[in-house]
Protein chains: 2
Amino acid sequence: MAKIQTKKNSSKKEIIIEKAARLFREKGFGAASMRDIAETVGVEAASLYNHIQSKSEILQAICFKVANEFISHLEEVERSGDSLLKKMETIIRFHIRMMLEQYEYVYISDHEWRHLAEPYLSNFLNQRRSYRKRLGDLVEEGIAKNEMKNIEPYVAVLTILSAISGIESWQRSRKSTSAETLEANMVKYLIEGLKK
Amino acid sequence: MAKIQTKKNSSKKEIIIEKAARLFREKGFGAASMRDIAETVGVEAASLYNHIQSKSEILQAICFKVANEFISHLEEVERSGDSLLKKMETIIRFHIRMMLEQYEYVYISDHEWRHLAEPYLSNFLNQRRSYRKRLGDLVEEGIAKNEMKNIEPYVAVLTILSAISGIESWQRSRKSTSAETLEANMVKYLIEGLKK
DNA sequence: AAACAAAACTAACGAGTGTTAGGTAGGCTA
DNA sequence: TAGCCTACCTAACACTCGTTAGTTTTGTTT
């Protein structure tokens with residue numbers, strides 16, 4: 001019998017994913033059980049299966065939602081007529097804001113993707129590799145056009161993306177430094193370090 | 001009955017920790033079972049308990065070994081008479097080399113510490129916070145002495161440490177870029193971005 | 001050869017895992 | 001009102017988990 005996707009169904013599914021995301025981030029994918037998720041949703045574990053097909057499906061939904069957002073933003077930036085340094089800054093700011101506004105989802109996509117089942121795992125890694133390659137091409141062009149320092153593009157991209165992903169550890173203690181200060185200073189460091 | 005620590009005993013314990021580290025890194029602490037570890041050691045799971053006290057103990061040993069190495073290196077650098085920029089460069093290079101040479105251990109200390117049990121968890125986080133604070137003080141002094149750009153010290157430290165920890169994702173595909181290129185270019189990016 | 005301790009083994013424990021089967025209450029439509 | 005579908009429930013299955021108990025093998029020392 002085919003599942004009919006009603007409004008109620010899809011919104012409950014979204015609630016489940018949202019609650020699960022919180023738990024996956026706090027305890028890790030493996031340590032967060034279906035019974036844990038069910039409890040925060042306010043339902044028995046078995047009832048979750050009226051809305052989702054498996055625990056894996058939740059992880060897949062989260063990882064690919066995030067990946068798609070980054071890819072489509074990149075395509076938008078690539079089409080723009082900005083300078084290469086400006087393009088990189090736009091991308092860096094987008095990453096930082098995603099990390100601030102969609103913390104749970106981005107964190108999981110960064111740290112729990114290894115628990116994806118095949119073929120989603122390979123798929124995810126291919127998208128990731130391709131995304132980084134395209135960022136590297138932007139840096140390479142920026143160097144060629146004398147906008148940027150001669151830093152090996154792969155290493156520059158790795159440095160930038162890793163630095164941003166470390167905002168995760170700021171999220172746990174948001175007290176002393178504001179989000180604005182964080183964004184402004186990290187952009188300053190990463191962009192001025194890249195600028196010729 | 002007190003356990004007697006013979007030479008054989010301690011070396012077998014080290015083997016167990018080494019093999020476990022590999023598995024913790026590959027599958028995560030939660031997903032790597034004692035039976036997995038036992039298999040790679042070439043023994044039954046129950047036999048592991050002749051050498052270690054618990055699965056947690058393995059994680060503790062790894063995390064604190066790494067933490068202690070970083071702390072004692074920092075103390076050495078603090079005592080040196082180098083400029084502040086040079087001090088930071090020394091620390092950055094040390095972090096990168098640790099990431100290259102003790103990949104498994106450093107990775108686990110970076111990513112699996114959340115599975116530590118109390119009171120080790122709090123202890124670990126305190127050491128981490130104190131370490132970052134001391135790095136921040138170096139940056140703050142570097143700014144005051146006009147050696148460095150005025151980047152919020154906490155953000156600068158976060159950026160540096162996160163960037164380096166991202167070398168993890170390079171380790172998985174070591175083909176195109178050599179370790180030397182990686183170190184040289186990352187140091188260049190992080191130091192020149194910091195230099196006034 | 002006898003004695004001893006270290007380190008391996010088998011077997012099992014209690015708890016927790018994702019998931020399925022089968023049943024029931026409540027609301028919408030014919 | 002009768003039928004139907006959705007979303008919940010309880011109960012259970014077939015594992016796997018870390019760990020312990022009790023026993024046997026192995027290797028060294030007297």
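Heavy atoms only: backbone and side chains are in, while hydrogens, waters and symmetry mates are out. Chain letters run A, B, ... following the sequence lines, proteins first and then strands; every chain starts at 1.
- Put simply, the side chain of Arg35(B) and the base of dG18(D) share a donor and an acceptor less than 3.5 Å apart.
- When the nucleotides dT19(C), dT20(D), dA7(C) are ranked by their closest atom to the side chain of Tyr49(A), dT19(C) comes out on top.
- Between the Asp82(A) side chain and the Lys87(A) main chain, no donor and acceptor come within less than 3.5 Å of each other.
- In this structure, Ala46(B) and Met34(A) both approach DNA chain C, and ranking their closest nucleotides by distance from the 5' end singles out Ala46(B).
- Ser178(B) and Thr181(B) form a side-chain donor-acceptor contact under 3.5 Å, judged by distance and modelled atom types alone.
- For dA7(C), neither phosphate oxygen OP1 nor OP2 lies less than 4.0 angstrom from any side-chain nitrogen or oxygen of Ser47(B).
- Regarding Lys12(B), its NZ atom lies at a distance of 12 Å from the C1' atom of dT26(D), rounded to whole Å.
- Ala38(B) comes within 4.0 angstrom of no nucleic acid atom, judged by non-hydrogen atoms across all strands.
- With salt bridges taken as basic N to acidic carboxylate O contacts below 4.0 Å, none links Glu18(A) and Arg22(A).
- When distances run from any side-chain atom of Glu44(A) to the nucleotides dT10(D), dC8(D), dT19(D), the shortest one goes to dT10(D).
- For the pair Ser33(B) and dT16(D), the criterion of a side-chain N or O lying under 4.0 Å from OP1 or OP2 is not met.
- The side chain of His51(A) sits closest to dA7(D) out of dC17(D), dA7(D), dT20(D).
- Ion pairing between Glu147(A) and Lys196(A) fails under the 4.0 Å rule for side-chain N and carboxylate O.
- One interatomic measurement links the two molecules: CD of Glu39(A) to P of dC9(D), which rounds to 12 Å at whole-angstrom precision.
- Listed candidates were dG18(C), dT10(C), dT19(D). Nearest to the side chain of Ser54(B) is dT19(D).
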